[in-house]
Trainee: 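Take this structure, written in structure tokens, and hold onto it; I'll ask about it next.
Each ligand, and each atom within it, is numbered from 1 in the order the structure gives.
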Amino acid sequence: MGFSPISSLSFFLFLFHFHSTISSSDFCALDQSLSLLRFKESFSINSSASVLCQHPKTESWKEGIDCCLWDGITCDLKTGHVTVLDLSCSMLYGTLHSNSTLFSLHHLQKLDLSDNHFNFSHISSRFGQFSNLTHLNLNYSIFAGQVPSEISHLSKLVSLDLSRNYDLSLEPICFDKLVRSLTKLRELDLSNVNMSLVVPSSLMNLSASLSLLKLFGCGLEGKLPSSMGRFKHLKYLDLSINFYLSLEPISFDKIVQNLTKLRHLALDYVNMSLVAPNSLKNLSSSLSYLSLSGCGLQGKFPGNIFLLPNLESLDLSYNKGLTGSFPSSNLSNVLSLLRLSNTRISVYLENDLISNLKSLEYMSLRNCNIIRSDLTLLGNLTQLTLLDLSSNNFTGEIPSSLGYLLQLRSLYLYSNKFRGQVPDFLGSLVNLSNLDLSNNQLVGPFHSQLNTLSNLKYLFLSDNLFNGTIPSFLFALPSLYYLDLHNNNLIGNISELQHNSLRFLDLSNNHLHGTIPSSIFKQENLTVIILASNSKLTGEISTSICKLKSLLVLDLSNNSLSGSIPLCLGNFNNMLSVLHLGMNNLQGTIPSTFSKDNSLEYLNLSGNELEGKISPSIINCTKLEVLDLGNNKIEDAFPNFLETLPKLQILILKSNKLQGFVKGPNAYNSFSKLQIFDVSYNNFSGPLPTRYFNNLEAMMVSDQSMIYLNATNYTSYVYSIKMTWKGVEFEFSKIQSTIRVLDLSSNNFTGEIPKMIGKLIALQQLNLSHNSLTGHIQSSLGILINLESLDLSSNLLTGRIPTQLGGLTFLAILNLSHNQLEGPIPSGEQFNTFDASSFEGNLGLCGSQVLKKCYGDEARSLPPSSFDEGDDSTLFGEGFGWKAVTVGYGCGFVFGVATGYVVFRTKKPSWFLRMVEDKWNLQSKKTKKNAGRYGARRN
Ligand SMILES: *[C@@H]1O[C@H](CO)[C@@H](O)[C@H](O)[C@H]1NC(C)=O
Ligand SMILES: *[C@@H]1O[C@H](CO)[C@@H](O)[C@H](O)[C@H]1NC(C)=O
Ligand SMILES: *[C@@H]1O[C@H](CO)[C@@H](O)[C@H](O)[C@H]1NC(C)=O
Ligand SMILES: *[C@@H]1O[C@H](CO)[C@@H](O)[C@H](O)[C@H]1NC(C)=O
Ligand SMILES: *[C@@H]1O[C@H](CO)[C@@H](O)[C@H](O)[C@H]1NC(C)=O
Ligand SMILES: *[C@@H]1O[C@H](CO)[C@@H](O)[C@H](O)[C@H]1NC(C)=O
């Protein structure tokens, strides 16, 4: 009978154990034992810190047992010194102070504290005292602050890992010291350490014997030097997610040619737009992992890259300029991950290819060029755990062969043109955790197709043609976390929510009826409820809603809810960030209970029957970005206390019964972030609030970031508002951050338009119509080069139209009608596109638009080259001239128009939508030249 490998191993362990026990209890010196025990005592064991780590190694640390036998500790067999301390994943929680007894373990060679929770401790400079340390691992342990330069004293370090901590940063001086002294370093992982001040060239001083370099998400900026080629021993290089790092072709060539041992290369989101994809063809054949997502690669991709014999993982996604075709044969048969989404690389799903991809576990071909495809073949890729074919215009029914993919955990088929019903075979994919079929043309009522999917967590079925009643099994799936059914034709009520796992529920834009079911209020974990625009939900909002202590988003807009707003919504938890109850029949007053520390970012109560005053408690909503109280019956003076809300970007109070002078500001910085200010259709009187204008800093600066305003919490709820845009009221389902609107129309404002209005350079829409404004039209309006809509109609304005307005090249709507203007209408490309309706009711105007000839010196038409009425330098600070303004903001604007400011929610009949969208598309294609033509219409 021979020894099996297992039993010989246990025999060896036994011997070792035996040896250690007999070598007397003082094998581990007493001072080491004490130090370790004190160290242990300085932390608590936190079982909730990590799901994966559930074994606290320090539990075996007890007095009376030789410390060399404790879990996580290795001693030098000769001296008894503790040389290895491995407390990775040990559930430690607490601060690691610099007086910790850890630092008396001078003989340590390897120290691993990774995957614990050191509660934002700074890394003590005393780490530098472990003079014999070869391995230091502080990965993922919630350290914060600066990495101390004393780390560079660890000259024997072979491996250093400070990655994935909370908020560590590394100063250039410290980094330089580190790279110069740690000459033995072979593995360096500083991922997520903020190194934004470190210049990439200083990386070149790192030890040439490096075999692993991971600097993922370090905020590196600048060009990566071409001397990268010196790291000949690199096997693993990851510089991903350094958005401002760029790779010149020459540096990339060096990486490709000189790093012949490379197995793992990840450069996601490093700017490689100048690198020719063809240079990848020389990549080392030992490569098993290549990830170049979002690198800005342009051009034809060499087909042979796919043929690297050892390639297991290939990600070229999000390189929209990448073309070429994926070969169908000779592929490495070890390929397990393939991501080509958002490229123009062609893929032919044919027999040859499929038989070559048998090892594939992860395949994402979202928004690719998939040509001549037989989707039924996908049923042969039985190892797949993730399949993403979204955004590809696939038609027909969802192929039943997908039912063979029993390992699938994620199936994404959204944004195609799949028709038919949700297929029954999906019910056999019992491992599915994510299923996204949204934005297709799937029809029919549900039966119980999916009720076997007990692992399903995320279910997206929105934007289809599902009809019939909402099936009750959906509300009984045991693991369901996220349910999105918005934009379908489902009917019925939702009285049967049964599970407790649900966090996210979006049933908006269906045909639900009845009251909000009380079962919702028992879903303790719900954080997002969107039941907007079902149009038929009736009844009151029960105060039980406030039992949902985790609620972040509550959107019940566009229904027929009545009764009053539950007072508790003002203060029931301090997490609620979105409260949208707009467009209902709610009565009573605005809650007066907004408490301090609340997190509201979006508060929309517009379009109800609310009365009374605006509660000053709203100033407790210090995070508020959007406040829409329009279209109610609020009777109050101007709520100037709102000016103290530091983040307010959108304030809409239109169509109420507000009155009096708009006086203010009383605070420094008031309304400085405001970009939409709409108090139209009220009874405000007195002069225009010029002093507020002076503070509208956001309207003085164009925003070039093309993002939609949304809640900052992780739900990313996109803000919507109803607003008059170029004369027509729209519901904007998304709001570009670039938008700037000032609307004071339909009040009783008197006096002149202040000259300083020209400071609000970023304005796109200015409406002062239907007031009693007098005096001239300010020539400074000509500075507002971003204006697309200018309405000064129905006032008492006199004098000439300033020629400077002719320079507003983006102006699509101009309305100066019904004033007392006189003289010639300025000529200029833009002005020629406006018809008589823009000028009617001004008896003294002449020009072709009003079919009235100008005589004598009236006929002058000056280009908008000078601002003759006074010195405009007073409008701006020094150095803020007209030229600078044009250069600075002009191109951002063009970009803005081309991308489109607004996306309309599909609440409108589709023909209407199409009409509106076509209009916008048209307008964005035509540049400034013709923009006016589409705008001259008013409602
Ligand atoms: C170590 O330092 C911390 C903070 O300076 C202090 O709170 C703690 O009492 C000290 N512990 C010992 C054992 O001296
Ligand atoms: C460090 O290692 C050297 C060489 O192995 C040894 O002589 C020295 O005693 C060690 N120092 C400590 C503090 O363990
Ligand atoms: C990189 O490779 C090229 C050619 O393969 C060679 O000429 C050059 O010396 C190498 N550079 C370094 C730094 O090793
Ligand atoms: C796919 O599977 C079917 C049925 O198991 C088999 O007949 C066919 O040959 C397979 N095709 C490929 C390309 O492997
Ligand atoms: C899908 O069809 C639309 C409209 O025909 C087209 O604009 C889009 O590029 C197509 N998408 C793909 C991935 O082919
Ligand atoms: C659902 O839609 C289909 C196709 O439009 C239609 O034939 C069917 O009658 C509808 N069913 C219900 C319950 O509305």
Trainee: Before accepting this row, confirm whether a basic side-chain N of the pair K57/D71 lies closer than 4.0 Å to the acidic partner's carboxylate O.
Mentor: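 Answer for the salt bridge query: no.
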Trainee: Does F127 have its ring centroid less than 6.0 Å away from the ring centroid of F103?
Mentor: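 Yes - the distance between ring centres of F127 and F103 falls below the 6.0 Å cut-off.
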Trainee: Please tabulate protein-ligand N/O pairs under 3.5 Å for ligand 1, atom names and distances to 0.1 Å.
Mentor:
{"from": "ligand 1", "atom 1": "2 (O)", "to": "N99", "atom 2": "OD1", "distance (Å)": "3.4"}
{"from": "ligand 1", "atom 1": "2 (O)", "to": "N99", "atom 2": "ND2", "distance (Å)": "2.3"}
{"from": "ligand 1", "atom 1": "11 (N)", "to": "N99", "atom 2": "ND2", "distance (Å)": "2.9"}
{"from": "ligand 1", "atom 1": "14 (O)", "to": "N99", "atom 2": "ND2", "distance (Å)": "3.2"}

Trainee: Under 4.0 Å, heavy atoms only, figure out whether ligand 2 is touched by the backbone of K156, its side chain, both or neither.
Mentor: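 Side chain only; the backbone of K156 stays clear of ligand 2.
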Trainee: Given side chains that start at C-beta, do those of F446 and V422 come closer than 4.5 Å, heavy atoms only?
Mentor: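 Touching, per the 4.5 Å side-chain cut-off.
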Trainee: If we only count N/O pairs under 3.5 Å, is S131 in contact with ligand 2?
Mentor: no
Trainee: For ligand 6, which part of N467 has a heavy atom less than 4.0 Å away: the side chain, the backbone, both, or neither?
Mentor: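 For N467, only side-chain atoms sit under 4.0 Å from ligand 6.
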Trainee: Kindly assign one of parallel, tilted or perpendicular to the pair F460 and Y458, based on the angle between their ring planes and the thresholds 30° and 60°.
Mentor: parallel
Trainee: So, taking the atom named NZ in K457 and the one named OG in S454, what distance separates them when rounded to the nearest 0.5 Å?
Mentor: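 Separation between the atoms: 10.0 Å.
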Trainee: Using a 4.5 Å cut-off on heavy atoms from C-beta on, say whether the side chain of L413 contacts that of L402.
Mentor: yes
Trainee: Please list, in number order, the atoms of ligand 2 under 4.0 Å from a heavy atom of H106.
Mentor: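 Per the distance check, 13 (C).
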Trainee: Which residues pass the side chain to side chain contact (heavy atoms under 4.5 Å, CB included) test with S33, not counting sequence neighbours?
Mentor: C28, C67, W70
Trainee: Between Y481 and F504, is the ring centroid distance below 6.0 Å?
Mentor: no
